[in-house]
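Chain identifiers are assigned alphabetically (A, B, ...) following the order of the sequence lines, protein sequences preceding nucleic acid strands; residue numbering begins at 1 within each chain. For the numbers below, each heavy atom of this structure counts, side chains included, while hydrogens, waters and symmetry mates do not.
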There are 2 protein chains.
Amino acid sequence: MTSDTYQLDETDRRILLALDADPRVPIMMLAQQLGLARGTVQTRLERLANSGALRPNTARILPAAMGRGVSAFVSAELDQARLNEAIAGLRQIPEVLECVAPAGDTDLLLRVSATDPDDLYRVSEEIRLCPGITRTSTSMILRDVIPYRTTELLKKLSGDKH
Amino acid sequence: MTSDTYQLDETDRRILLALDADPRVPIMMLAQQLGLARGTVQTRLERLANSGALRPNTARILPAAMGRGVSAFVSAELDQARLNEAIAGLRQIPEVLECVAPAGDTDLLLRVSATDPDDLYRVSEEIRLCPGITRTSTSMILRDVIPYRTTELLKKLSGDKH
DNA sequence: GGGTCCACTGATCATTTTGACTAAAATCTA
DNA sequence: TAGATTTTAGTCAAAATGATCAGTGGACCC
């Protein structure tokens, strides 16, 4: 029940860290930089790509670069019986970048991005119109204090097991 | 004031979409697949890499693959005068994947990941101990309804301007 | 209209890298 | 310890790379 996700090992982590800056460095460079055989790195990279441990590459694109300078969290309450309908509806809205179900009072918490406050309002409307959604509350993000990062966690792991 | 972020153009978008599955496909394949000259794609990729429009590659790694199967949002209230101190403290905690300042009642909203509920508790403690932080409230994520995605937004843009 | 800037093309070049494949270590792990 | 799995180091031909170049077309300015 813990998870069926592929678990990175020490070598994976080292490779990924080395890949952090430029994901397109030649395998040979990686190999010699890490002191591994080329074949090893090659195999690992392939395995990683098929492991399901990575998001699609587009996840790296900052919404701002797509002209979406405004972000917000939208919490939604819904008619629980129509959960799946609601989710299907939300999935149709490109501006909904993410959606999670948190413990507690709100049923769904969405991350949304828009071109400007006006556009944000439009998106909120669209969300509100999803079947099963009874109420939403939008809270704009004023500042990105720590932009999403995983590097630190990866580094910590590297130190961990040794 | 809108932003000084590099704005992707149509070609960038097409390249990024083509790169979505495998970010390491040879430039030549990309070029012929997109009907562009090799030099063009090569130049674009270089520009993209330096544009600041992309997160580091490690952002693609799912926390679950690092043994962090538990995620949560932590909202924190703080002594506004010590904001910077607090941020500095939070930055030190690898499990804090992200931190934003939302409009509204909560001062900071953190995204946190942990190995298990126990570990989550430990991380919460650590957050609470950051200088300037007066109160926190943790809400575990029960389900990832829509995992973070940007692809749909990118696709939308592609259609937009034509 | 003429000039300048810029991005894209299509071509070349020598040098690397790739993928696929060995057989021989080395390393787990039961 | 024996068996299974990884890793290594080596091969090969085919392909991709980075760095050029001159030529083309568009957008902009005076």
Side-chain angles (χ1 to χ4, degrees), chain A residues 2-54 56-58 60-62 64-67 154 157-162, chain B residues 2-54 56-57 60-62 64-67 115 154 157-162:
Chain A
T2 316
S3 75
D4 59 347
T5 320
Y6 174 78
Q7 291 296 313
L8 306 177
D9 68 8
E10 182 59 25
T11 307
D12 290 323
R13 288 181 214 133
R14 293 213 302 141
I15 292 177
L16 286 167
L17 278 174
L19 231 42
D20 206 9
D22 176 10
R24 291 184 59 95
V25 284
I27 297 183
M28 301 203 80
M29 310 237 113
L30 270 187
Q32 64 185 78
Q33 181 182 332
L34 298 176
L36 295 172
R38 179 173 74 102
T40 307
V41 179
Q42 195 168 331
T43 310
R44 292 306 192 118
L45 245 36
E46 247 166 89
R47 191 200 302 177
L48 275 172
N50 303 327
S51 66
L54 301 178
N57 190 246
T58 42
R60 289 182 59 206
I61 306 172
L62 297 171
M66 296 188 285
L154 239 206
L157 290 181
S158 302
D160 254 3
K161 275 284 159 110
H162 193 72
Chain B
T2 315
S3 73
D4 58 347
T5 320
Y6 174 78
Q7 291 296 313
L8 306 177
D9 68 9
E10 183 57 26
T11 308
D12 290 324
R13 288 181 212 130
R14 294 212 302 139
I15 292 177
L16 286 168
L17 277 175
L19 231 42
D20 205 9
D22 175 11
R24 292 185 58 95
V25 283
I27 297 181
M28 300 203 79
M29 311 238 114
L30 271 186
Q32 65 184 78
Q33 181 183 331
L34 298 176
L36 295 172
R38 179 171 75 100
T40 307
V41 179
Q42 194 168 328
T43 310
R44 292 306 192 119
L45 282 176
E46 245 165 274
R47 190 200 303 178
L48 275 173
N50 303 327
S51 66
L54 302 178
N57 191 246
R60 290 182 57 206
I61 307 172
L62 298 170
M66 296 189 284
T115 57
L154 239 205
L157 289 181
S158 302
D160 254 1
K161 275 284 156 105
H162 192 73

Report the distance from atom [atom1] of [X] to atom [atom2] of [N], rounded to the nearest whole Å.
X	N	atom1	atom2	result
A:Glu46	C:dT17	CD	P	18 Å
B:Asp22	C:dT18	CG	P	12 Å
A:Leu45	C:dT18	CG	C1'	12 Å
B:Met29	D:dA14	CE	C1'	11 Å
B:Ile27	D:dA19	CD1	C1'	12 Å
A:Gln42	D:dA16	CD	C1'	14 Å
A:Leu30	C:dT17	CG	P	11 Å
B:Met28	C:dT17	CE	P	17 Å

Q. Between D:dT8, C:dG19, D:dT17, which one does the side chain of A:Leu36 approach most closely?
A.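 Between D:dT8, C:dG19, D:dT17, the one nearest the side chain of A:Leu36 would be D:dT8.
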Of all heavy-atom pairs between [X] and [Y], which one has the smallest distance, and what is that distance?
X	Y	answer
A:Arg60	A:Pro23	NH1-CG, 3.2 Å
B:Leu34	B:Arg14	O-NH2, 2.9 Å
B:Asp20	A:Pro56	OD1-CB, 3.2 Å
A:Leu154	A:Leu8	CD2-CD1, 4.4 Å

Q) Think A:Thr40 has a side-chain N or O under 4.0 angstrom from the OP1 or OP2 of D:dT6? A)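 No, no such contact exists.
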Q) Does A:Arg44 put a side-chain nitrogen or oxygen below 4.0 Å from OP1 or OP2 of D:dT6? A)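 Answer no for this pair, as no side-chain N or O of A:Arg44 is under 4.0 Å from OP1 or OP2.
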Q) Starting at the 5' end of DNA chain C, which residue's closest nucleotide do you reach first, B:Val41 or A:Pro26? A)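 Of the two residues, B:Val41 wins.
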**Q.** 5'-most by nearest nucleotide on DNA chain C - B:Arg24 or B:Arg47
**A.**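 Its nearest nucleotide lies further toward 5', so the answer is B:Arg47.
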Q. Ignoring hydrogens and angles, does a donor from either the side chain of B:Arg38 or the base of D:dG18 sit under 3.5 Å from an acceptor on the other?
A.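 Between D:dG18 and B:Arg38, which were checked side chain against base, a qualifying N/O pair under 3.5 Å is present.
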Q. Does the side chain of B:Gln33 reach to within under 4.5 Å of the side chain of B:Val41, using non-hydrogen atoms?
A.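 No. Closest side-chain heavy atoms not under 4.5 Å.
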